[in-house]
Amino acid sequence: MANQEIGELASQLVDSVREITGLPECRNALRKMYGNLMRRVKLLSPLFEELKDAEQQLDDADLKGLQALKAALNLAFKLLKSVNEGSKIYQALQVEKTAGEFHEVTTQIEEALSHIRYERLNLSEEVREQIELVHLQFKRAKGRMDSPDLQLQRDLGLVNKGSEHDLETIKRLSEKLHLTTVNDLKLESIAIHDMVISADEYPEDCIEMMSFLLKEIKDCVMLGNPEVDMGEGEKSVMRHRSPVIPDDFRCPISLELMKDPVIVSTGQTYERSSIQKWLDAGHKTCPKTQQTLLHTALTPNYVLKSLIALWCDSNGVELPKTNSKPGRSGSECDRTVIGSLLQKLVIGDSDEQRSAAGELRLLAKRNADNRVCIAEAGAIPLLVELLSSRDNRTQEHAVTALLNLSINEANKGIIVSVGAIPEIVDVLKNGSTEARENAAATLFSLSVVDENKVAIGAAGAIPPLIDLLQSGTPRGKKDAATAIFNLCIYQGNKVRAVRAGIIPPLMRLLKDASGGMMDEALAILAILASHHEGKMAIAEAEPMEVLVEVIRSGSARNRENGSAVLWSLCAGDVRLLKIVKELGGEEVLKELCENGTDRAKRKAGSVLELLQRIESTVETVVVENETLVIRNRNLHIDNDGEVGINLTTIKCL
């Protein structure tokens, strides 16, 4: 490669390092990871400076390493820049995901450095030693992912679960997130607001959680604790300033702060009263975009409304009062929306049906009142009809809306009564990945009612559930497993599952500890082992070694289910008991009898009793040219020469 080209590449690498080291200091939960990566990258600078200034001859391997290094540094810059911008609370909630991204960038830099042979480059001894040391640091970092701040994770988890939390917890969060001054809070509020504007990229519950956390931290800061870094000047500004209303909090029509923001079909948000006047005047377009409205339904923008309330509270602005009519509740407001959406399902074109089904899906997810209102309005039969839609997205919306509606117990009965089960099973067989997963989750929800277990099994749901268990996404596999488990509580479905070939995939999941499905596989095996056909099929799959290992080293629940399967298999089967003994299962079971759950202790004790019975030598008695294998010593020969066996009755626990 020509010296000029090498120099240009080296200059680009120098610029990349300067870009990275020129980024500002990180002041959020990722500060440690951010600092470590920036420090290591900075130490690469002498290598690139010498490559730029000296005459070098590089072969293809060295060149490939430098080019890969440039690509990795570009990724590092983007990552470092992204984590230093936006909401600090969001960064903290996403810390595990971001830690994985830091590890990926570190791995790419280390692998690129591995392609460069420093001994062949014209480098000073001092630079070579430094680069080899930096490479070693990257290699060590590649071998272990940076662990997040455990105290921060515990505090976030405590608040996220809605558990009781004291002022000290919020104070720690304030300090660790560097949200300790009024200016910090203002910038964080703006960052969260910017996220709402692109709300499609962020889950609604995540934004609500961030808003809640910001309010809690703001309340803590406002208490004026001596440990909180907030000066009197900033407090004075809070009391006397006239805040500028963010543009996105203003209605595009009235330009005033919105008090009841609603979304139209184009995705734009307006003040309800303003957009309603626009529509009442006969307009069919969106005032801001001039696009034709697909429908005139107005969907409340609850997330933006909560952020406006938070902004008002933070800035000392009185929250606008909604001019609602007396006695008109939020649920009744949504009834108007629901009625309009149902109209679109009945007479709308395919685009309108898709959009309406999607909005019903979101409304049904939002709260219990909406689930009741949607069902009472007669939406369920219409959504069931859409399950056979040829449009994948419409089908996904419809099945997910039914899933959300089925959370209500009364709605389960309506869904089944209108003949939804065969349609849901058809989606499970032939739908898109998302539709199949949500169909499985819907069947699980419906199967909570015992009579529905029979109907779902008879509709042919179990084979496609087994297929999803094998080929689905991690979430799809979980949905399939929970549905299968619930269905197999009914005896008839156990037979269906076994005959549909469920045992081999369950055994594969059980043996794959990294797959994350061991718990579910073992729970299903435990319930199937209680049926004769299930027991026989499991025994044929040679499960004893993995079962003994699960009982030896698994979680408490898995040890319990493992011992239950072992007991079902071994009862009356000397061959399997001997295998357990050969695998060292006796000691494992004794330990379980001491440290397991109550059920695990009972099962382990029962298997140990069976093992003790086979310790005596197996005897063979020949009577009239037929051979009987006696499995214990409960045998007697009467005076008239007949053989009798005292059968021991073994009861399932």
Side-chain angles (χ1 to χ4, degrees), residues 437 440 444 462-489 493-571 573 575-589 591-592 595-597 599-600 602-604 606-607 652-653:
E437 291 173 354
F444 164 70
I462 290 176
L465 283 172
I466 295 172
D467 182 58
L468 185 61
L469 182 68
Q470 297 178 81
S471 61
T473 65
R475 179 194 146 200
K477 290 179 179 181
K478 296 276 184 186
D479 288 333
T482 52
I484 291 169
F485 177 85
N486 224 33
L487 290 171
C488 287
I489 293 173
N493 286 337
K494 294 177 185 176
V495 177
R496 289 189 174 103
V498 172
R499 293 178 182 176
I502 194 173
I503 302 302
L506 287 178
M507 291 304 302
R508 287 194 292 271
L509 294 173
L510 182 59
K511 293 174 181 178
D512 181 13
S514 63
M517 290 294 295
M518 182 182 286
D519 296 4
E520 290 82 359
L522 204 49
I524 297 171
L525 285 170
I527 203 167
L528 293 176
S530 64
H531 189 279
H532 175 68
E533 285 195 34
K535 172 181 172 178
M536 298 299 291
I538 296 169
E540 289 175 5
E542 300 181 353
M544 306 312 285
E545 186 174 350
V546 68
L547 287 175
V548 170
E549 183 54 38
V550 166
I551 297 170
R552 176 183 288 114
S553 59
S555 65
R557 176 58 58 85
N558 284 350
R559 297 178 79 199
E560 178 181 304
N561 283 329
S563 62
V565 176
L566 198 65
W567 154 248
S568 296
L569 297 178
C570 289
D573 195 319
R575 183 183 67 85
L576 293 181
L577 284 167
K578 286 185 174 181
I579 293 174
V580 172
K581 198 171 182 66
E582 290 168 2
L583 292 169
E586 196 163 8
E587 292 304 316
V588 174
L589 291 166
E591 189 276 332
L592 186 60
N595 301 312
T597 64
R599 179 169 176 254
R602 291 199 307 273
K603 297 296 184 183
S606 298
V607 178
C652 293
L653 300 179

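Here, residue 1 is the first one in the sequence, and each next residue gets the next number.
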Can you tell me how far the CG atom of L547 sits from the CD atom of E542, to the nearest 0.5 Å?
-> 12.0 Å
What heavy-atom pair brings K477 and G472 nearest, and what distance separates the two atoms?
-> CE-O, 3.3 Å
For G501 and P504, work out which heavy atoms get closest and say how close.
-> O-CD, 3.5 Å
Heavy-atom check, side chain of R508 versus side chain of Q470, under 4.5 Å = yes
From D467 atom CG to I502 atom CD1, the distance as rounded to the nearest 0.5 Å = 12.0 Å
Taking C-beta and beyond as the side chain, do I462 and I484 meet within less than 4.5 Å on heavy atoms?
-> no
Closest approach of G585 and V548, non-hydrogen atoms and distance?
-> CA-CG1, 4.1 Å
What's the verdict on side-chain contact (heavy atoms from CB on, under 4.5 Å) for M536 and V498, showing C-alpha distance, side-chain angles and the deciding distance?
-> CA-CA 10 Å; M536 298 299 291; V498 172; over 6 Å; no
Which pair of heavy atoms, one from V550 and one from N558, lies closest together, and at what distance?
-> CG1-O, 3.5 Å
Considering only heavy atoms from C-beta outward, does the side chain of M517 approach that of L469 to under 4.5 Å?
-> yes
Please check if the side chain of K478 supplies one atom and the backbone of G516 the other of a donor-acceptor pair under 3.5 Å.
-> yes
Has the side chain of S530 got a donor or acceptor atom that lies under 3.5 Å from a matching backbone atom of A526?
-> no
Distance col, row R552:CZ vs E587:CD, nearest 0.5 angstrom, shows 10.0 Å
Supply the atom-to-atom distance L592 CG to R559 CZ, rounded to the nearest 0.5 angstrom.
-> 4.5 Å
Quick check: are there more than 12 heavy atoms from other residues, nucleotides or ligands sitting under 6.0 Å from CD of E545?
-> no
L468 to A440 - nearest heavy-atom pair and separation = CD2-CB, 3.7 Å
Test side-chain contact (heavy atoms from CB on, under 4.5 Å) applied to L525 and I503, L509, L569, N561, the passing residue | I503
Do the non-hydrogen side-chain atoms of R557 and L522 ever get within less than 4.5 Å of each other?
-> no
Taking the side chain from S563 and the backbone from E560, do they hold a donor-acceptor pair closer than 3.5 Å?
-> yes
Measure the shortest side-chain to side-chain distance between L465 and D479 over non-hydrogen atoms and say whether it is less than 4.5 angstrom.
-> no
Is the CZ atom of R475 crowded by more than 12 outside heavy atoms at less than 6.0 Å?
-> yes
Looking at CD of E437 and OG1 of T473, how far apart are the two atoms once the value is rounded to the nearest 0.5 Å?
-> 3.5 Å
Are L566 and K603 side-chain neighbours, meaning at least one heavy-atom pair lies under 4.5 Å?
-> no
NZ on K535 to SG on C570, rounded to 0.5 Å = 8.5 Å
Charged N to carboxylate O under 4.0 angstrom, K494 versus E533?
-> no
Flag the pair P505 / I466 as yes when at least one side-chain heavy-atom distance between them is below 4.5 Å, and no otherwise.
-> yes
Which atom pair, heavy atoms only, marks the closest approach of I579 to M544?
-> CG2-CB, 3.7 Å
